[in-house]
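Each remark here refers to the structure printed beneath this line.
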Amino acid sequence: MWFSPEDIAAIGLTLKLAATTTLCLLVLATPLAWWLARSHSVRAKIVGAIVTLPLVLPPTVIGFYLLVALGPNSPVGQLTEALGIGLLPFTFWGLLIASIIYSLPFAVQPLQQAFAAIGARPLEVAATLRASPRDTFFSVVLPLARPGIITAAVMSFAHTVGEFGVVLMIGGNIPYETRVISVQIYDHVEALEYTQAHALSLAMLAFSFIVLFALHFFNKPAR
């Protein structure tokens, strides 16, 4: 396959963004999913609905509000400027924040389902052995939830790789800085460079198939 230097830069940036987003999501989504799986309060249902919003909202809507929330007139924008960080839109860090928010349900939902499937019995047994809540979580809950953790990681990574609307809104189209694979394909099509667009699209198609096949093959339920 014949990729230009800009194509290779877009691939590298996409993989870096997807890997960083996945790591951040596993850290953030695990305690959130555990709380959602264990709580039946109205507050948990409200938070669960908020977490699910990216599944039903158009990506451009999420990107627009993130652009406003991180812009120069927002408290966040004024804070980052006061700290000397500068504005986050049209930077890698802005892309990272947007990707975390947009891919959040793809991490939380598999984890929440895995935690809910464990049930109360293993926790009660651990309590009778005088295991602390922390030991129970790390020694009992996380090993039992391993399929959900793998699914959350794979889906978060794959979904971040395929983002378009959100990353275009919050990251723009800056070569070597914020231009990811999906935006690069869009640029090739706009320039009528169908051969280059086909090469990248075929690579994305093959990647998505391999990821989903591996997920089904290695993460099948234990018999």
Side-chain angles (χ1 to χ4, degrees), residues 6-7 9-29 32-33 36 46-74 76-77 80 87-112 151-191 197-198 200-209 211-212 215:
E6 288 191 353
D7 290 341
I11 293 172
L13 179 63
T14 302
L15 294 177
K16 176 184 174 184
L17 178 65
T20 311
T21 299
T22 301
L23 288 175
C24 293
L25 277 175
L26 287 180
V27 172
L28 296 172
L32 176 59
L36 289 174
I46 294 173
V47 173
I50 294 173
V51 168
T52 312
L53 274 177
L55 293 177
V56 297
L57 281 176
T60 48
V61 172
I62 299 172
F64 170 71
Y65 280 116
L66 282 172
L67 202 58
V68 172
L70 302 177
N73 297 322
S74 71
V76 176
T80 55
L87 295 173
L88 294 177
F90 311 110
T91 68
F92 176 80
W93 300 109
L95 277 181
L96 179 61
I97 293 172
S99 297
I100 289 172
I101 292 173
Y102 189 51
S103 296
L104 187 60
F106 292 86
V108 169
Q109 290 196 341
L111 287 169
Q112 184 179 349
T151 301
V154 172
M155 293 304 294
S156 298
F157 189 91
H159 186 254
T160 304
V161 168
E163 285 181 19
F164 176 72
V166 170
V167 296
L168 187 61
M169 290 288 286
I170 200 71
N173 187 3
I174 306 173
Y176 301 98
E177 293 187 27
T178 62
R179 183 185 290 173
V180 295
I181 294 176
S182 55
V183 178
Q184 183 73 359
I185 293 172
Y186 177 78
D187 272 8
H188 282 317
V189 173
E190 285 277 284
H198 174 67
L200 278 177
S201 299
L202 188 61
M204 288 280 287
L205 180 64
F207 169 79
S208 300
F209 173 77
V211 166
L212 292 177
L215 182 63

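In what follows, every heavy atom counts, from backbone to side chain, and hydrogens, waters and symmetry copies are set aside.
- At least one donor-acceptor pair closer than 3.5 Å links the side chain of Ser74 to the backbone N or O of Ala69.
- Scanning all heavy atoms of the two residues, the minimum distance from Gly48 to Leu36 falls at N-CD2, 4.0 Å.
- Of all heavy-atom pairs spanning Ala153 and Leu26, the tightest one is CB-CD1, 4.1 Å.
- Ala98 meets the side-chain contact (heavy atoms from CB on, under 4.5 Å) test with Leu66, Val166, Ile170; sequence neighbours excluded.
- To the nearest 0.5 angstrom, Leu28 atom CG is 10.5 Å from Thr21 atom OG1.
- Scanning for side-chain contact (heavy atoms from CB on, under 4.5 Å) contacts around Phe92 gives Leu13, Lys16, Leu17, Thr20, with sequence neighbours left out.
- For Asp7, there are no salt bridge (charged side-chain N to carboxylate O under 4.0 Å, His left out) partners, not counting sequence neighbours.
- Considering CG of Leu15 and CD1 of Ile181, their distance stands at 6.0 Å, rounded to 0.5 Å.
- The OG1 atom of Thr80 lies 14.0 Å from the CH2 atom of Trp93; values are rounded to the nearest 0.5 Å.
- The shortest heavy-atom contact between Ile62 and Pro54 is CD1-CA, 3.7 Å.
- Side-chain contact check for Phe157 versus Val211: every heavy-atom pair is 4.5 Å or farther apart.
- In this structure, Ile11 CD1 and Glu6 CD are separated by 12.0 Å, a value rounded to the nearest 0.5 Å.
- The two atoms that bring Gly171 and Leu95 nearest to each other are CA-CD2, 3.8 Å, heavy atoms only.
- When every heavy atom of Gly77 is checked against every heavy atom of Leu87, the shortest pair comes out as O-CD2, 3.8 Å.
- Atom-to-atom distance recorded for Leu202:CG and Ile185:CD1 is 10.0 Å, nearest 0.5 angstrom.
- Shortest non-hydrogen contact noted between Gly165 and Pro59 is CA-CB, 4.0 Å.
- Remark: Leu25 CG to Ile101 CD1 distance equals 10.0 Å, nearest 0.5 Å.
- Sorted by first then second residue, the side chain to side chain donor-acceptor pair (under 3.5 Å) pairs that include residues 161-178, not counting sequence neighbours, are Ser99-Glu163, Ser103-Glu163, Asn173-Arg179, Asn173-Asp187.
- Residues meeting the ring-ring contact (aromatic ring centres under 6.0 Å, His included) test with Phe164, sequence neighbours left out: Tyr186.
- Proximity of Leu55 to Gln109: side-chain heavy atoms (C-beta onward) are separated by under 4.5 Å at one or more points.
- In this view, His159 and Tyr102, Phe106 satisfy the ring-ring contact (aromatic ring centres under 6.0 Å, His included) rule, not counting sequence neighbours.
- Annotation: side chain of Gln184 is not in contact with side chain of Thr14 (no heavy-atom distance under 4.5 Å).
- Residues Leu32 and Val47 form a side-chain contact, since some pair of their non-hydrogen atoms from C-beta on lies under 4.5 Å apart.
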